[in-house]
Each structure stands twice: as C-alpha cells, then as structure tokens.
Colleague: 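For reference, the structure I am asking about is given below.
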Amino acid sequence: MPMLTIPVLLHTLVAEAADRAGFDNGLVPAEWAQPTQNPKFGDYQSNHAFRLGRAMKTNPRAVAEQINAVIADHPAVEATAVAGPGFINFTLNDSFLAAQLGRQVEDPHRGIAQSGQGRTVVIDYSSPNVAKRMHVGHMRSTIIGNTLDRLHRAQGWTVVADNHIGDWGTQFGKLIVAWNLWLDQAAFDRDPIGELERLYVKFGSEADDDMNAQARAETAKLQSGDPENHALWTQFIEASMVEFNRVYDRLGVTFDEVLGESFYNPVLPDVVESLKALGIAEDSDGAVVVRWGEDGPKGLADTVLVIQKQDGAFLYGTTDLATLQHRRDTWAPDRVIYVTDTRQQLHFRQVFDAWERWQPGHGMDLMHTWFGMLVLPEGAMSTRKGNVIRLLDLVDESVKRARAVVDEKSPDLDDNERAAVAEAVGTGAIRYADLSQNPQSNVTFTWDKMLSLEGNTAPYLMYSYARCRSIQRKGDATGSIEGLGVSGPYERALVMQLLRLGAAVATATSAHRPNLFCDYVYETANVFNRFYREERVLNAATDADRRRRLALVEATARVLGEGFQILGIEPLARM
Ligand code: ARG
C-alpha cells in the first residue's frame, strides 16, 4: 500500500473538515500542507482555508476558525491552531512521527512515492560529438542528465537513457582530409582520440578553400557509402567511444542506448517528403524549410528550421524529428527529456512544434531541460582554440586532491582502501559541485571551486554518512531501527527532516532541478550533525535513549544512502 505523505494527509484532513463546515473545496485547487518555517507555529501549515476565504471574498480567518473547529481527530495530529490571516497549523504527534519514519525506512523505496510506475521516459543526455575528447563543457549535460535519470528511476519510472552522439556531419570530411595528409600512425596507436583531435585542430588552422572543397567531397563520399571512408569513420567512432566510456565509468554514468545521429540517416528522405506532403515544410531557394510566420507561437515567430540544404544534405533538426518518430515507435514514452545547454532552446522549440504538427496526438510530453554555460575565467572553451579542460583530466585532478586529504586524515586505512576512498570522494565532489548549483545559471569554472572539499560539498555529505556507520561500529550496533522514537527537539528535528525525502525527490524532479535535491541532502546532513553534537548516542543516560538514538542513526544512514544513490555519490562506511 502506498504511504500517504504527511503533507497530503494534513491537506485531506482540512479539506474534509471544510466540506463538513459547508465550504466548497472545488473553489481552489488542492495544495498540500507545507512545513512551517518556525517551530513556534507547529510543524506543518495548511493555507487551504485562507485560499477558500479569499476565493469567497470573505474573511479568511473566520473560515479557518470554522474549519479548525471540525477537523477530525487523527493519530498523526497532536494539536491544531489558527494563525495569522487564516492559516491552520499542525503539531504532529511524536509516536506517529516515529512510526511513519519506521514505515519509510523499512520500505524498499524509502517511502518515495512510485508515481512513475507504468510510465516510460526517454532521457537524451551527454550526447557529445565524436572525434573530440569530452571537455568540461560536456560535464553538465552528462551529470545533470544522469541525475534526472536517477530521480525518475527512484520514483518507479522506466527510464531509457539514450546517448544521441554526434557521429555524423561535415567534420568527418575534414578529419579524413587531415588524416590522409598528416596522420602520425604511432601517435594514433598510442592515443587515438588525442591524435584525431590534433588532426581536427590542425585542419581548422591550416585549411584553405581548396582543402575545404576536398573536405566537402570526402563528406559526400562518406555519405554515399564509399567503403574506404566508411571504414575510417567507423574507426573514429570506436576510438571516441572508448574515450567517452572512460569518463562515464568514472562518473557512474550508464546508458541504455547509444543511437547516434547516423542511425537515423536511412529515414531522413522520408521525413522530409512527409513534412512536405503535409504542407509543414516548403521549398525555399532550393532548400527545404519549416517556417513560422509573424503570428507563430511564442519564441518561434519569424524563425526558420532548415531540414534539407540546397546540396541535398540533411540537418540536425531533420535527425531530431526522425529520432522522435523512432522513440515513439520503439518505447511509446510518456515523456522525453533533452538535456543540453541554453544555446539550443530555439532548436528544441522548433523541433517540438514541427513534431506536434507532423504527428498530432503522439501522447508524449516533450521537455527541454537547458542549463547555463560553463565558462573559463578567460571566456568560452573551444577545442579549435585548444583552451579546453578535459573531463578526464578534471576527474584525475579531483581524485589526486582527494587522495592528499585521505592520506593526511586516514593514515589507518591501507593503500587500496585509500585509493578507493579518493576515487569515490574525487568523483563525488565533481558530480555534486555541478549538481548543487542552479542549473540555469552560468558557471565560471575554477579548479578550487570545483574541487573544494569543505562546506556544502560531497565530501561533507560523505563524512556525515561515514559518521553514522562509525557510531554503529563503535557501539556494536546491528543497524536495526528497533526502538525508533522521538524525544527532545534535536531528535524531533531529525525525524521531521528524514520524513521529507519523498517530497524532496518529487519537487526536484518536477522542477527539473537536481540542486533542490542537493539542498535536501545537505540539510539532512546538517540536521543529523546537529543532533549528534547535542545528544549523546553511545553514552546516553539510559538504555532506552541509547537504543532510540541508534535507531535514528540507522534511519539517517538509510535516507542519506538513498540520497547518495540519486546523486551518484558512493556511501562509504569508512573514510
Ligand atoms: N550533439 C549535440 C551537441 O553536442 C547535442 C545533442 C542533443 N540531443 C539531441 N537529440 N539533439 O551539441
């Protein structure tokens, strides 16, 4: 049976009372009760009566009084009171809180509502262009996308993580020309993608008109199936995937599908034909375009999406339309999420709108989750300019810094353990540093900010989890939650905080903002650490106190562990 969360339960009590008191709940949309800002006002607050009063243009305070007078008794509720202009405040019952937390942490989903049960989401993220190394500019899509993936899975969604790699396009003609002119075979054998990148950059700085024409010819040959160029192209892709997978392995990222742009080539002519036949696309100077007039939808007025060029080549948007068709036919998803930087906002608006007209009634909720740019203090990064920070180098540097700290702080761990801790801390720090900021702001990359091990960072969270496990080891505790209860303000605050896990997951997912979930996990660590500072656990005054507090330590570890699973941070029992 699904657990009724406290915010829903309290709202239900208010709505039922409103009904008894003769008010029409239909006047305002349901809004769950919210935790109060100040414990002086109880634990939770409902503004339902206030909103009803406003909707009826009467005194909301009087409405709240009438409703409050007939709220039914419930074991969850210790007391209610009307406050301010018409809020109803709830003080919850301690044994109910403890029992509720017990149910939550014994549940395999840790009480997270399985609202995605039976629903499918395709998440298109990371999606780098091949033949270049991944640099820190690719980090955000990879990490934010992977966390949206984990948030959905935690709520029971069937997730198809699809890496839509850029494995097709004009860069291959350039690479082939550069390869034929300048390849250093020994360098390629040693470091394939490094050599490809060198060739690409060299082409960029040396190509003249003649070489550019050659590059176009090589692209055309590749696209018409020339076996030699096709073999080279395959080699480029394979080398790239080896490199990408190294990054993904380190960062805990896995995909269900890697269907690159090239996968959709065979159907692109049909896509264009179909759009033309339906009058959605039109010829324009020998090209084929989808056009939005001045009365077009918001953000699209007077814009154009080219789906076929004069020379017959298909484009990024054409592929994306074919991709949507494939996703619908293959997975019939309820939702498709694209995770890219802010510069692709117009692109996805155009693609989504064209798709809507092309395949009305497709039943998919299309979302573009964009994020701000990651820039270096000196400006934008570009492989061509050579001023990029490679993602693998970032990971290595982070792990190295973590290792220095571990060596200093944990001399008792053996060498292997220290290496494992450093890897977990270093990679966790990178993921968390990215996730914990508002995705939509631009971020200036600095090593120190990215790799900080103090304050609101993954290592701080990881230490809090390890502390739970260390207390249990020292106290020979079994890791059971028997004796769970609530006594005193610090225990109570901790229980209330742990009970909010499910709401935090739901909010971060619907807002597409993993940073909101980071806030929750950080606050949980803070509240736990405060409890641990203020109350003695192993040396508690009575046996009952000790048992109750040890049960709370175990409950905290389970909630933090679930949070880490979602953020992609490893829970270490010792560090
Ligand atoms: N390869 C693109 C880039 O590097 C991102 C692809 C995003 N996904 C998509 N279906 N368009 O900018």
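Counting convention: from 1, in listed order, for ligands and their atoms alike.
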Colleague: Tell me, with the steps shown, if Q325 and D329 meet side-chain hydrogen bond (donor to acceptor under 3.5 Å, both in side chains).
Modeller: CA-CA 6 Å; Q325 192 178 27; D329 294 348; 5.0 Å; no
Colleague: Looking only at side-chain N and O atoms, does S284 offer a donor or acceptor that is under 3.5 Å from a partner on R291?
Modeller: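 The answer is yes; a qualifying pair exists.
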Colleague: Name the residues with a heavy atom less than 4.0 Å from ligand 1?
Modeller: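 D124, S127, N129, H164, Y316, D320, Y338, T340, Q344, F348.
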Colleague: Using distance alone, with no hydrogens and no angle criterion, decide if Y248 and S126 have a side-chain donor and acceptor under 3.5 Å apart.
Modeller: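 Indeed, the side chains of Y248 and S126 share at least one donor-acceptor pair under 3.5 Å.
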Colleague: Are Y316 and Q344 linked by a side-chain donor-acceptor pair shorter than 3.5 Å?
Modeller: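 Yes - a donor-acceptor pair under 3.5 Å links their side chains.
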Colleague: Under a 3.5 Å threshold, yes or no: a donor from one side chain and an acceptor from the other, between E243 and S240?
Modeller: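 No, no side-chain donor-acceptor contact under 3.5 Å.
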Colleague: When the ring planes of F352 and Y338 are compared, do they come out parallel, tilted or perpendicular, using 30° and 60° as the limits?
Modeller: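 Because their plane-to-plane angle lies in the 30° to 60° range, the rings of F352 and Y338 count as tilted.
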